[in-house]
Amino acid sequence: MGTVVLIAAAAALAPSTAQAAVACDEGALVAAVNAANTAGGGNIVLATNCTYTITAPHSSDGDGPNALPVITTTITLTGDTDTIARSSAPGAPAFRIAKVSAGGSLTLKGKVTLRNGNAATDGGGILNHGSVTLTASALTGNTAAGRGGALANADTAAPAAGPSATFTDSTVSGNGSTGQGGGVYNGLRGALTTTSSSVTNNRSGAQGGGIAAVDSASTTLTSTPVSANSATTAAGVHRRNGAMTLSTSPVSGNVPNNCVGSSPAVPGCVA
């Protein structure tokens, strides 16, 4: 009887089997996202040091095509130095990397980079109608013909809840847009919160090379430098209405200026 008890105790103490990583393959990643949506959400573990190269869109709607299926549930992509990128091969179609629906939530953690998205509308990397969280991750080299080269918090009319984006220890760099927000566009009723992150070397053909906050609910930057971005004006941060707080987040070295033309003024920003 004692032997049986010892075996049972050992089994109870044994660590659970680690979740298998998704194979470093376009089809495998798309299938994993579809499965997570069907299951009502879940954690998707990415293969170590993998670049998932997406050659064709796997969802499309009025906002345009997306590399991944639309995120409709709560999904986490847990990486170990991974990249999800639109193919750069000649003739590759244009599409953003991800769209998050109003009921969806997408979290990137573990050095996950979304790269080379190309949207004909808003959100070259991510178009967000729901919730997006980046932890130790990056949005780089994405473009949008509309607003928000890296990420766009979509304009959202009342009474619907506005989208939210949260960046921690993350990077927004080398993105571009024709419209406002070369890096990030925080639109009507949207909320943007950044901590220990950076917004650098992004470009806009309008206002807000780094960040454009237009009629948003809130924009809060903490320990987040906004530098070396370019635009027609307010190349660092562009603000039109909405609450905005900057703490130890210098807006500097942007061309042609850091925040000229914002109304009300960007707090603490020197032109």
Side-chain angles (χ1 to χ4, degrees), residues 37 41 59 61-64 66 68 70-76 96-108 114 117 119 121-135 137 139 142 144-168 170 172 175 177 179-195 197 199 202 204 206-222 224 226 234 236-247 249 259 262-267:
N37 274 332
S59 62
D61 55 22
D63 290 318
N66 315 291
L68 301 177
V70 175
I71 308 299
T72 58
T73 59
T74 299
I75 292 178
T76 297
R96 73 173 56 82
I97 304 299
K99 176 183 175 179
V100 181
S101 73
S105 174
L106 175 63
T107 295
L108 308 179
L114 304 189
T121 55
D122 296 341
I126 303 174
L127 176 59
N128 180 32
H129 291 268
S131 174
V132 169
T133 301
L134 268 68
T135 302
S137 293
L139 302 175
N142 302 285
R147 301 164 297 186
L151 177 141
N153 272 343
D155 291 338
T156 306
S164 65
T166 302
F167 297 79
T168 304
S170 294
V172 177
N175 304 282
S177 65
Q180 297 166 319
V184 177
Y185 173 78
N186 188 24
L188 177 65
R189 297 172 59 81
L192 172 66
T193 303
T194 72
T195 304
S197 297
V199 181
N202 304 286
S204 165
Q207 300 84 30
I211 297 170
V214 180
D215 299 318
S216 55
S218 64
T219 302
T220 303
L221 310 183
T222 303
T224 301
V226 181
V237 177
H238 172 65
R239 177 188 186 189
R240 189 180 77 193
N241 305 320
M244 180 174 285
T245 302
L246 275 67
S247 178
S249 298
C259 51
S262 293
S263 180
V266 174

Could you go through the side-chain contact (heavy atoms from CB on, under 4.5 Å) check for Leu108 and Thr133 one step at a time?
CA-CA 6 Å; Leu108 308 179; Thr133 301; over 6 Å; no
Donor-acceptor pair, distance only, cut-off 3.5 Å: does the side chain of [X] make one with the backbone of [Y]?
| X | Y | value |
| --- | --- | --- |
| Thr219 | Met244 | no |
| Ser177 | Gly181 | yes |
| Ser262 | Pro264 | no |
| Arg189 | Pro163 | no |
| Ser131 | Ser105 | no |
| Asn175 | Asn142 | yes |
| Thr222 | Ser247 | no |
| Ser204 | Gly209 | no |
| Ser216 | Ala213 | no |

Residue pair Asn241 / Val214, side-chain heavy-atom distance below 4.5 Å:
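When only atoms from C-beta onward are counted, Val214 and Asn241 do not touch, as no gap falls below 4.5 Å.
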So Leu114 and Ile126, do their side chains get closer than 4.5 Å, heavy atoms only?
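A side-chain contact under 4.5 Å exists here.
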With sequence neighbours excluded, tell me which residues meet salt bridge (charged side-chain N to carboxylate O under 4.0 Å, His left out) with Arg240.
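In terms of salt bridge (charged side-chain N to carboxylate O under 4.0 Å, His left out), with neighbours along the sequence ignored, Arg240 is linked to Asp215.
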List the atom of [X], the atom of [Y], and the distance in Å for their closest heavy-atom pair.
| X | Y | value |
| --- | --- | --- |
| Val70 | Asn37 | O-ND2, 2.9 Å |
| Gly124 | Ala144 | N-CB, 3.7 Å |
| Ser59 | Leu68 | OG-O, 2.7 Å |

If you measure from [atom1] on [X] to [atom2] on [Y], what distance do you get to the nearest 0.5 Å?
| X | Y | atom1 | atom2 | result |
| --- | --- | --- | --- | --- |
| Thr166 | Leu134 | OG1 | CG | 9.5 Å |
| Arg239 | Cys259 | CZ | SG | 11.0 Å |
| Phe167 | Thr195 | CZ | OG1 | 11.0 Å |
| Leu106 | Ile75 | CG | CD1 | 7.5 Å |
| His129 | Ser164 | NE2 | OG | 13.5 Å |

Applying the side-chain hydrogen bond (donor to acceptor under 3.5 Å, both in side chains) test to Lys99, which of Thr72, Asp61, Asn66 qualifies?
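Of the listed residues Thr72, Asp61, Asn66, the side-chain hydrogen bond (donor to acceptor under 3.5 Å, both in side chains) partner of Lys99 is Asp61.
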For Leu221 and Val226, what are the C-alpha separation, side-chain angles and deciding distance, and is it a side-chain contact (heavy atoms from CB on, under 4.5 Å)?
CA-CA 9 Å; Leu221 310 183; Val226 181; 4.1 Å; yes
Using distance only, find each side-chain donor-acceptor pair of residues 145-154 under 3.5 Å and give its atom names and separation, not counting sequence neighbours.
unit_1, atom_1, unit_2, atom_2, d
Arg147, NE, Asp122, OD2, 3.4
Arg147, NH1, Asp155, OD2, 3.2
Arg147, NH1, Tyr185, OH, 3.0
Arg147, NH2, Asp122, OD2, 3.0
Arg147, NH2, Asp155, OD2, 3.3
Asn153, OD1, Asn128, ND2, 2.8
Asn153, ND2, Asn186, OD1, 3.0
Asn153, ND2, Ala191, O, 3.1

Residues two or more places apart in sequence or in another chain: which of them pass side-chain contact (heavy atoms from CB on, under 4.5 Å) with Thr121?
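If we apply the side-chain contact (heavy atoms from CB on, under 4.5 Å) test to Thr121, skipping adjacent residues, the hits are Arg96.
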Do the side-chain N and O atoms of Thr224 and Thr194 include a donor-acceptor pair separated by under 3.5 angstrom?
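Looking only at side-chain atoms, Thr194 and Thr224 do form a donor-acceptor pair, the distance falling under 3.5 Å.
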